[in-house]
Amino acid sequence: AVTVATGFGRAAWAEERKSIRIGYAISKTGPNAGGAGITTLPNYLLWAKDVQDAGGLELPDGSRLPLEIVEYDDRSSAEEVVRAIERLANEDKVDFILAPWGTGFNLAAAPLFDRYGYPQLAVSAVTDKAPDFVKRWKKSFWMLGGGHDYAKALAAIMADAGKAGTLNGKVAMVSVADGFGIDLVSAARPAFEEAGIEVVYDKTYPVGTSDFTPMINEAKASGADSFVAFSYPPDTFAITQQAQVADFNPKLLYLGVGTGFPVYAKNNSENATGILSLGGIDPANAANADYRKRHEAVTGIAPDYWGSVITYASLQMLQEAIRRKGLDREAVAAEIASGSFETVLGETKLEDNQLRKLWWTGQWQNGQFVGIAPGDRAGASQLVLPRQSWKKA
Amino acid sequence: MIGMLGYVALAIGWALFSGPTRYVSLATVAFFGIGAYTCAVFSEVLAYPLLLLVAGLIGLGVALVVGLATLRLAGVYFVIFTFGLAELIRQLVTWYEVNITGTLGRYIFLPVTPEGIYWQLLALTAAAFAMSWAISRSRLGLALKVIGEDEVVASHSGIDIARVKLGLFALSAVIMTLVGAIQAPRWTYVEPSIAFNPTVSFLTLIMALLGGANRLMGPILGAVPLFLLFEWLSANFPNHYSIILGLIFITIVFVLPNGVLDFIEKGWARRLPVAKPAEVHK
Amino acid sequence: MLVTAVLSGLVLGGTYALLAMGLTLQYGIARIMNLAYGELIIVAAFLSYALFTYAGISPVWALLIALPGGFVLGYAIYGLLMAPLVRRARNAASLEIDSILTTFGLLFVIQGLLLVTFGANFTSYSYLNDAVQIFGTRLAANRLLALVLAVVLGAAIYLVLTRTLWGTALRAVAVAPGSAPLVGIDVERAARMAFALGGALAAAGGVVISMYQTFTATSGVVFTMKALIIVIMGGVGNILGALSAGLLLGLAETMVATYVDPGLTLATTYGLFLAVLLWRPTGLFGRAVR
Amino acid sequence: MSPFLQVSGLTRRFGGLVAVNDLSFSVAKGEIVGLLGPNGSGKTTVLNMISGHLPPSDGQIALADTRLSGLGPHKIARQGVARTFQLVRALPSLSVTENVIVALAFGRKRLWGEAARLEALKRLEQVGLAHRAGQQAGDLTYIDQKRMELARALAADPQLLLLDEWLAGLNPTELQTGIELIRGLKSSGITILMVEHVMEAIRALCGRCVIMNAGIKIADAPTAEALSDPAVVTAYLGEQHA
Amino acid sequence: MLEVKGLSLHYGRHVALDKVSLKVGKAETVVILGANGAGKSSLLKSIAGLVHGDPGARISFNGVPIQTASPHHVLETGIALVPEGRGIFGDLTVAENLALGAYARRARDQREAGFELVFSLFPRLAERRRQFVNTMSGGEQQMVAIGRALMSRPELLMLDEPSLGLAPVVVGELFRSLDRIRQTGLSLLIVEQNVGMSLAIADRGYLAEAGRITGEGPAPELLNDPAVKRAFLGATA
Ligand SMILES: Nc1ncnc2c1ncn2[C@@H]1O[C@H](COP(=O)(O)OP(=O)(O)OP(=O)(O)O)[C@@H](O)[C@H]1O
Ligand SMILES: Nc1ncnc2c1ncn2[C@@H]1O[C@H](COP(=O)(O)OP(=O)(O)OP(=O)(O)O)[C@@H](O)[C@H]1O
Ligand SMILES: [Mg+2]
Ligand SMILES: [Mg+2]
């Protein structure tokens, strides 16, 4: 259908167009499918449905064109990501490409987005190097902050609690030996030191570890009353369970990715209360609440409490920028960089191509995972420490 | 295209050793990953050609050590050993990065264009193919076949099994390492789970097996259509990719009436240059 | 601390052993290198999950469904896919290649079906996540169950294989399939039985681990590889070998995690595996089929 | 006669079992010696150690002035030792000619290409197998495979040939042909050590026999003498053969 | 008792058996003589159901047609085979090998009696019940193979070159055992290269050549037939 108008030149072709092509490569299979299937893919689907229901993407002239989605499975392989994006750009000639899932994959994709001139709204990528990247790839946008941001926020919380006498100033810490865990733990070490918190146990475990008993036992014996795990979803679930078996009740319990997953609350119900993690929401934000409801209604699963809403917001930004600037990718990128957008996060504006207004720390309270840090941000909830001991189900 | 060439080169490299000797190796990704990682580690300090050289040398070194260790293993024990080896290397690299260098991912900012990668891979593939052609016609090729059939006969015929196996294993490893090193700049970011993705080993194996690991053209005949099949499936059936792919695999096995191995060996026998019955005179 | 480490190591090893025993039957006796083995585990895990969350059926009851279910599934897979290959195979090598490719395909099919049915999400629920005190160590009841099941099933199968005529016949098929017909063993039936039994064990493993381990539609491969390593380490076809290799790995991992560095647990697994093979190229318990 | 093959104090243990126990004997150049003994007495094990297939647990083997014990099979092969196996080891998916070429290409002659092919055909003719040259080795009958194996051993241009029950399973007519073939080898100067249970062949070919029982040498004498030794009769021959 | 009529067998294009017919009577011992590759093993394997000949053949045992039966069915009708190369289970013990011999339904409840019979024929096996068979010498392995076949309580025992590779003293012992077995009323069908010894215990013999039966006669007659002598007994015998 796209090639009907060959020979008329680009302008003519643009006039003839019946749809806007949006493409993306996502891990539908392989080890990354679990993460991508929660944070990213449902939001792409939800957004596409929202746009279609509204009659298509609106262009500056007020007309609407329906979306045509081109989807590839990257099968959790970097090589596939690269290839899929090349194909989206060269063969499918899509108008915009949505970002893949995962820090590594977003980085692998970045030079291609850049070379083909597509804006890249990287959401599920946590990296401290974002300021460098935006210089290298002008049309790249990094929406989830870096390890330092999260680590500093946590250190501050712990330092305050230490001063208040709630915590003893000692922390036991484990991290997963993968990009995410290492980024965070290497940011956390200096942050904790600066905040005067003593790290009494600090170990890294390999991806795929299923038994955390030795680490929990060591942490329990270490004298720390705070336990921090920069973990991945399966680990997060396992640590929660195994800590209950071991009757390990640190006053502060901070877990990694997966804490904000809907299934986490479901499995742990009341026992989730008080657990800290990355991300969070403002429970009073009506737009967000509405988004969560729609997400669950449309995709059948609830969104997580960290990246999901930001993914959706990034798509809203893209949509709005297209409405303002049309299909010129340069202009759209510039608009995303400089414009201000009304999204499910509320008023959203990027600073230096990065989203900085984020919840660095959140906590399960009353069945919701609410943002508590930065505490001075509007809508922040109050931190509750120490957390309750495990209750028998 | 680059991806396809990469797999063609990997499959040729794999078949170079595993084809005639029937030592099915799952260590492909170990060397591929070593190449990619070397590229990442030294990308800032070494000139590009030197980088490839260093990668090749490291691959060679590891292959020699591994080769020496695995000489005693056979059959499925060798298969799983090589798989374990790839995972062990991945774990050790991870552990080293985490505990010694304190970072996990590494960035590769090399001024290599996709075209550059493409031509390099093409040259490597051509070189690998030429090598496997030369070997298949040489004494070495016969030695490998004999080793694959019966090592006892091989050694009693005067073949130095250890040296032949080790040499070929190393050669095939160097090719795989170079594929990794050449391809790495394409990803910008390398971490163990990306560089040491076991899928690479499995795909290489399947491609070479289906094409016929014993035939000169086998790896190419396996890698190209399979690669295109993967592409076509993932482009057209992203949601049912697995199911269709699986069914195709099963069908392939069932359609070949005497099994895949027979199919491969028959094709191979047809190509055999020595002693056709007609040439024999009393 | 040592007691704790040993006990948790054994409990972890129990899971490993449970997961590996079925594969050793399938590969050792039925001579099928089943790459879709992990998918059978995951199917059972999803079954148990679905029964528990949607029907409120306890996983312990699910076990009673999964065991025969796995048996039937294994029986069917062998009958439909494997038996034709075995019948036409001219030698062990061609059967091996055919079965690897077929089960590789099966792996994709099952994975695809699971993806379509359950999606790619992390699935987890918890059951029997209660502490049991043994020698002052708190162990998770669900993991303990895996150990008990591994030991009980392992011992039972061992006894059947060594003490009954039928079991001896199965071993005979394993060591010399070509000779088995001479004494009136229907090799195909014996192999199908062994394969089905392996399926039942895989299903049991799947149900048990679903109680405490997070899984996804695509995580079967992880289990296949772990199981393979244990099978090879213990010696192909050797039930006691699988049991001991599993326990050994569990112990080693826990010891290293406790006393050295949790970062090296997987390296230990593979290192230990490689070391065992270098020391004994046919696994801990050699070739003899017990 | 100076010994050509010299075996002294040769011992091989398998776990607790001593398969070959302190065995010493020698073979002169050009001689055909029979190595006999009941089943399981260690004959094949001795051949395995001479050819380097198994390392001896103890003792020495020397060929002319070269020490063989401790060398790998490929080195021993290059010293001019060739053998056949009790259970034939063909290379089934190679052609018959290729099977023979293997020994030419890696043996002492290092022939390759057309020269190797012609030489291989010659060897096949020698064992009466030229008409099967183009077939796959796996398609041959057991006996033809044995022939091919001998051709392969001969192609290595051996000084010492080890035959492990090469004549077993032949019917009496075929046996005669086989005996003639081996006799022909002797005249070309090859030294032969043969393991055989066929007494007829032993009597026809071997000037001398070394007889083992349970890993120990119980006789080493000219054939007629060795075979009438009472110890040999009870342990090996049985009454009717005496 | 055993009757084979018009049995042909092809391996690909190669004709291994060409319209072979033969008979074995009750309590009769029959020897098949023939050059290598004559198809003797193929014949025994076809009877045992391990390979199936071309359609059109008829093999019956005690009147039951078995030309298309699978090996375990053939065994159930009462035919046991000791194949070339023995076909024992090397990684199992003597006792386990023998026990499996009685796996057939017809023999299961007579296992103990079977053990007694085998141990009385081969007392050495009784001493070695727990030994792994692959650690035994060739002669002992042959005893296991024959013993295992006897455990299935056959009416017809087929042996394919049982003396191959055995020391002379063992060969003598073997034929004495076979003679004893035959006196228990079993029928024997033996393929042998050791023509003298096998004809000595046989009632009748067949001559096979290139897939066909070319001659037949009572054993003493064959033993003295000059043509047979030339072809199978060799000049020096
Ligand atoms: N690799 C091995 N491992 C263990 N035992 C072995 C091995 N090879 C041989 N044996 C044992 O050593 C002894 C001698 O075996 P060998 O094969 O040398 O006998 P042989 O004299 O050739 O007998 P035959 O005439 O039956 O061929 C036997 O008891 C055998 O079981
Ligand atoms: N599986 C097979 N595939 C192809 N050809 C075969 C097969 N088995 C036997 N043959 C061929 O069939 C013919 C008869 O073989 P068979 O083994 O029955 O002979 P035999 O009389 O028992 O000989 P031997 O004395 O060598 O044991 C031979 O030419 C052999 O090569
Ligand atoms: Mg021997
Ligand atoms: Mg035969």
Side-chain angles (χ1 to χ4, degrees), chain A residues 24-26 28-32 69-84 86-88 90-92 102-112 114-115 125 127-129 132-133 136-137 175-183 185-186 189 202-208, chain B residues 1-4 6-7 29 32 36 87 90-99 101-114 117 179-180 183-195 197-200 203 227 230-231 233-243 245:
Chain A
Y24 57 87
I26 198 84
K28 300 184 79 145
T29 49
N32 294 348
I69 301 287
V70 185
E71 179 192 63
Y72 292 115
D73 177 7
D74 65 36
R75 305 204 288 282
S76 302
S77 138
E79 181 55 33
E80 288 293 326
V81 173
V82 169
R83 202 150 54 224
E86 281 178 348
R87 195 164 34 188
L88 287 169
N90 289 330
E91 285 160 41
D92 303 320
T103 310
F105 288 3
N106 268 297
L107 286 169
L112 295 167
D114 186 60
R115 172 143 27 89
T127 166
D128 286 319
K129 289 212 180 174
D132 301 341
F133 294 150
R136 183 178 287 271
W137 303 302
S175 48
V176 61
D178 205 344
F180 165 79
I182 300 312
D183 242 33
V185 80
S186 42
R189 286 185 193 123
D202 176 7
K203 294 288 182 191
T204 298
Y205 60 86
V207 179
Chain B
M1 274 318 272
I2 292 183
M4 185 160 87
Y7 273 111
V29 79
F32 180 83
E87 290 295 304
R90 162 174 160 178
Q91 291 303 327
L92 290 180
V93 169
T94 307
W95 189 83
Y96 180 85
E97 293 280 52
V98 166
N99 290 282
T101 59
T103 57
L104 195 66
R106 287 177 177 269
Y107 301 92
I108 308 172
F109 295 122
L110 280 171
V112 191
T113 60
I117 295 180
V179 177
Q183 279 206 53
R186 225 161 110 77
W187 305 330
T188 313
Y189 176 81
V190 173
E191 58 179 39
S193 60
I194 293 179
N197 187 341
T199 319
V200 174
L203 285 186
F227 187 86
F230 291 153
E231 290 278 284
L233 283 183
S234 62
N236 292 290
F237 305 95
N239 290 316
H240 300 94
Y241 172 85
S242 302
I243 302 182
L245 184 70

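Throughout, a chain's letter reflects where its sequence line sits, starting with A, and its residues are numbered from 1.
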Could you give the distance from OG1 (A/T103) to CD (B/E191), rounded to the nearest 0.5 Å?
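If we round to the nearest 0.5 Å, A/T103:OG1 and B/E191:CD are 7.5 Å apart.
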To the nearest 0.5 Å, how far apart are CG in B/N99 and CG in A/D202?
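With rounding to 0.5 Å, CG (B/N99) is 9.0 Å from CG (A/D202).
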Heavy-atom contact with chain B under 4.5 Å, split by part of [X]:
{"X": "A/F133", "value": "side chain"}
{"X": "A/R87", "value": "side chain"}
{"X": "A/S175", "value": "neither"}
{"X": "A/N106", "value": "neither"}
{"X": "A/T204", "value": "side chain"}

Just so I understand: if I count every heavy-atom pair under 4.5 Å between each of A/V82, A/V207, A/D73 and chain B, which residue has the most?
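Looking at each of A/V82, A/V207, A/D73 in turn, A/V82 comes out on top.
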Sub-4.5 Å side-chain heavy-atom contact between A/S77 and B/T199:
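Answer no - side chains too far apart.
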For the residue pair B/T94 and A/P206, establish whether any side-chain heavy-atom pair is separated by less than 4.5 Å.
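Not touching, per the 4.5 Å side-chain cut-off.
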Of all the heavy-atom pairs spanning B/I194 and A/G104, show the shortest one and how long it is.
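Minimum heavy-atom separation between B/I194 and A/G104: CD1-CA, 4.1 Å.
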Which atom names give the shortest non-hydrogen contact between A/E79 and B/R186, and what distance separates them?
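Heavy atoms only, the tightest pair is OE2-NH2, 2.9 Å.
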What part of B/E231 is in contact with chain A, defined as an atom under 4.5 angstrom from a non-hydrogen atom: side chain, backbone, both or neither?
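Contact with chain A is through both the backbone and side chain of B/E231.
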My understanding is that only residues two or more places apart in sequence, or in another chain, count here; which of them pass side chain to side chain donor-acceptor pair (under 3.5 Å) with B/Y241?
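Checked B/Y241 against side chain to side chain donor-acceptor pair (under 3.5 Å); matches are A/R75.
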List in chain and number order the residues that pass salt bridge (charged side-chain N to carboxylate O under 4.0 Å, His left out) with A/D132, two or more places apart in sequence or in another chain; answer none if no residue qualifies.
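Expected list: none.
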